[in-house]
Amino acid sequence: MRAAVLRERPFGPQGGLPERVRVDRGKDFLSRTVTAAFNALDVTVEDLPAYTPPSRARWRG
């Protein structure tokens, strides 16, 4: 997580916090730990509808 967020050396210059994260209801993203981390970082979580792979096509490329 540190490498993804920090923008200073040795982690940067890429990085930073997203404003919004879209999740596909996977067990990892629904865990209390991940939810607490998103809340602590003030990141909005958008749940995608269950069982709709075409809705994920925009961010998977």
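Only this structure's heavy atoms are used, side chains among them; waters, hydrogens and symmetry mates stay out.
- Residues meeting the side-chain hydrogen bond (donor to acceptor under 3.5 Å, both in side chains) test with Arg32, sequence neighbours left out: none.
- Between the CG atom in Leu48 and the CZ atom in Arg22 there is a gap of 4.5 Å [rounded to 0.5 Å].
- Here Thr35 pairs with Asn39 under the side chain to side chain contact (heavy atoms under 4.5 Å, CB included) rule; sequence neighbours left out.
- Remark: Val21 engages Pro18, Val23, Phe38, Val43 in a side chain to side chain contact (heavy atoms under 4.5 Å, CB included) (not counting sequence neighbours).
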